[in-house]
Amino acid sequence: MKKLLIANLLLLFSLIYVVVRITHRSLYLPQMYINADNPVSFHWYFIAIDTGLIQDKIGNSMHVSIYLIWMTPIYLLVLVSLILTFLALKQKM
C-alpha cells in the first residue's frame with residue numbers, strides 16, 4: 001500500500017515540477033549569454049506556446065500563432081488517481 005501512495009505522490013510532484021518549470025517569465029540562454037522571453041505560458045485550463053510564426057506589422061505574434069494544450073485531461077487523470085489511492089487506503093484500513 002505504501003508503494004501505491006508513494007507512486008501517486010511522485011506523480012503529483014512531477015506534475016508540479018513541470019508546471020513550475022514552464023511558468024518562468026524569462027529563460028537564460030547560456031550559449032548566447034542573454035535572457036529571452038519564455039514562449040510558454042501556463043493558464044489554469046491550458047498551456048499556451050507562442051510559436052511566433054504569424055506576426056503583425058509591428059512584429060508582435062498574432063493570436064493564430066499560439067498553440068494550446070488543454071489541461072483538462074491531466075486534471076481528470078490526477079483526480080482519478082487520487083480517488084483510487086484513497087479507495088485503496090480505505091479498503092486497507
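The chain is numbered in sequence order, starting from 1.
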- Query: Do S81 and L11 have side chains that get closer than 4.5 Å, going by heavy atoms?
  - Reply: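 Yes, their side chains come closer than 4.5 Å.
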
From [atom1] ([X]) to [atom2] ([Y]), nearest 0.5 Å:
X	Y	atom1	atom2	answer
I47	L68	CD1	CG	10.0 Å
I83	K90	CD1	NZ	12.0 Å
W44	Y75	CH2	OH	5.5 Å
T72	Y45	OG1	OH	8.0 Å

- Heavy-atom closest pair, residues M71 and H43: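 Nearest pair, atom of M71 first, then H43: CG-O, 4.4 Å.
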
- Query: Which other residues end up in the same hydrophobic cluster as V80, if Ile, Leu, Val, Met, Phe, Trp and Tyr are linked when side-chain heavy atoms come under 4.5 Å apart?
  - Reply: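 Once heavy-atom contacts under 4.5 Å are chained together, V80 belongs with L84.
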
- Task: Identify, with sequence neighbours excluded, every residue that meets side-chain contact (heavy atoms from CB on, under 4.5 Å) alongside L77.
- Result: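 L77 satisfies side-chain contact (heavy atoms from CB on, under 4.5 Å) with no residue once adjacent residues are dropped.
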
- Item | Joint hydrophobic cluster, I69 plus V18, side-chain heavy atoms closer than 4.5 Å |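 No, separate clusters.
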
- Indicate, with yes or no, if V40 and Y67 share a hydrophobic cluster defined by side-chain heavy-atom contacts under 4.5 Å among Ile, Leu, Val, Met, Phe, Trp and Tyr.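 Same cluster.
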
- Is the side chain of Y17 donor-acceptor paired with the backbone N or O of L12 at a distance under 3.5 Å, no angle test?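 Such a contact is absent between Y17 side chain and L12 backbone.
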
